[in-house]
Amino acid sequence: MAIGIDKLDFYIPSFYVSMDDLANARGVDPNKFKIGIGQNKMAVNPVSQDIISMGINAAQDILSEQDKKDIDMVIVATESGVDHSKAASIEIHNQLNIQPFARCIEMKEACYSATAAIQLAKDFLSNNPSKKVLVIASDIARYGLNSGGEPTQGAGAVALLLSHNPRILELNDDSVAYTNNVYDFWRPTSEKYPVVDGALSKDAYIESFNTVWNEYAKRTGHEVNDFESFCFHVPFTKMGEKAFKTILNENVEDSIKNRLMDAYQDSVLWNRDVGNIYTGSLYLSLISLLQNHTFQAGQEVCLFSYGSGAVAEIFSGSIVEGYDKALDKEKHLDMLASREQLSVEEYETFFNRFDNQEFDFERELRQDPYSKVYLHSIADHIRTYKTEE
Ligand code: CAA
């Protein structure tokens, strides 16, 4: 019986800064950020949106009362955890009123762990056909003001409900994972921001993609033309493109290359305007692809997941008839379009407030119809969440 993604949604904070403004403020040619890196805008989160509230906001609209009874496991994938011990999924489980006899855990391996969560969910569901699993990928990507990684920041969460007879994407049994010990990007517990070797991280991404693709092709017999499209982890949109081009080589016909590169552009349209959301980036890209590209039922999508450190995985899924009706297209478009643009000065104030955990509700809690829950306070290390009136 088919197992896969039944429901899919996301949440991004309602503020952003433009790459033109950021480049000008940093004395950089805007084309470096817009063409060289491939980003237009970067989501900026207020202190009142942490990975937990963003996760709740991503999931709240897709869960029916029946789903809340059927969910047996809630997995949060993140590399921006707020606690070494307590899983972020416990608060999310509570706020979403999911039945109490559920497992709640948090998973970590840089930007990769949502994929591990999906594979765990798939295995679990194969033995528990009446159950569902909620996977939430939620992260805040911060490299520091004036840092090399600054134009590749972002914030947001994606929620995926996995079940039998999914409405969106049936997962195939073909995943191949690859682990390679490399210090390209990591976040020591003592540090506020990640430690990054930018050039090495780009090489490690491409090397991982090539290695895991070659193994996947060998094991499955698949070629690029078997897929209607590919979907990548998107730290910035140029990254997936660079990796993809290494397999769209002279052995691939031009018409196939053009078809696949056009589909790639559909898959990164929204990542270009949000920035890196780490664990959720591949799945935001999947939503962008599903909404901006037209599929026939049964067409195949190949997904490449990458987490620095590094773990990579390639797997695939088949498009389900009527998949587009299972996505709230208007909400997604409006959430992206209705955000407020911050000047660079204001973005820096938001950034510093986040570091100092200084709440400014007057400025932060503007009319955001997509944020029903926000972080209200942290007292005695206890986080309190409130629902917008
Ligand atoms: N017009 C057009 N293009 C320009 C340009 C201009 N005026 N000026 C420069 N460029 C191009 C460069 O040629 C370069 O393109 P290529 O990569 O094709 O050579 C591109 O813009 C970027 O230039 P640099 O590499 O010189 O930029 P940088 O040194 O400032 O760093 C970065 C870029 C490494 C991505 C940095 O932002 C960074 O460290 N980001 C965080 C790490 C990251 O995202 N790594 C990605 C792989 S790791 C991963 O995927 C996990 C994850 O999510 C973190």
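The structure presented is a predicted model; accordingly, all values stated were derived computationally and were not measured. Counting convention: from 1, in listed order, for ligands and their atoms alike.
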Heavy-atom nearest neighbour of atom 46 (C) of ligand 1 within options Ala204, Pro30, Ser201, Ser308 = Ser201
Would you say Asp184 has any N or O atom under 3.5 Å from an N or O of ligand 1, going by distance alone?
-> no
Taking the inter-plane angle between the rings of Phe361 and His376 on a 0 to 90° scale, is it parallel (under 30°), tilted (30 to 60°) or perpendicular (over 60°)?
-> parallel
From Lys32, Met239, Arg26, Lys34 - option closest to atom 9 (C) of ligand 1 by heavy atom = Lys32
Protein heavy atom under 4.0 angstrom of atom 41 (C) of ligand 1, is there one?
-> yes
Knowing that exactly one of Glu228, Gln299, Glu300 qualifies, which makes a side-chain hydrogen bond (donor to acceptor under 3.5 Å, both in side chains) with Ser318?
-> Glu300
Can an N or O of Thr152 be found at a distance shorter than 3.5 Å from an N or O of ligand 1?
-> yes
Which atoms of ligand 1 have any heavy atom of Lys202 under 4.0 Å away?
-> 17 (O), 25 (O)
Counting only heavy atoms not in Arg363, do more than 12 sit closer than 6.0 Å to its CZ atom?
-> yes
Consider every N or O of Tyr143 and every N or O of ligand 1, then say whether any pair is closer than 3.5 Å.
-> no
In the protein, what heavy atom is nearest to atom 35 (C) of ligand 1, and what distance, to one decimal place, separates them?
-> Phe236 CE2, 3.4 Å
Please state whether the rings of Tyr278 and Tyr143 are parallel, tilted or perpendicular, taking 30° and 60° as the class boundaries.
-> perpendicular
Under 4.0 Å from any heavy atom of Tyr205, which atoms of ligand 1 are there?
-> 50 (O)
Closest candidate by heavy atom, reference atom 7 (N) of ligand 1, pool Ile35, Leu282, Asp29 | Asp29
Could you tell me whether atom 13 (O) of ligand 1 has at least one protein heavy atom nearer than 4.0 Å?
-> no
Polar atom proximity, Lys238 to ligand 1 (N or O, under 3.5 Å) = no
How are the rings of Tyr283 and Phe315 set relative to one another: parallel (under 30°), tilted (30 to 60°) or perpendicular (over 60°)?
-> tilted
At the 4.0 Å heavy-atom cut-off, does Lys242 count as touching ligand 1?
-> yes
Answer yes when Arg142 and Glu191 have at least one side-chain N-carboxylate O distance shorter than 4.0 Å, and no when they do not.
-> no
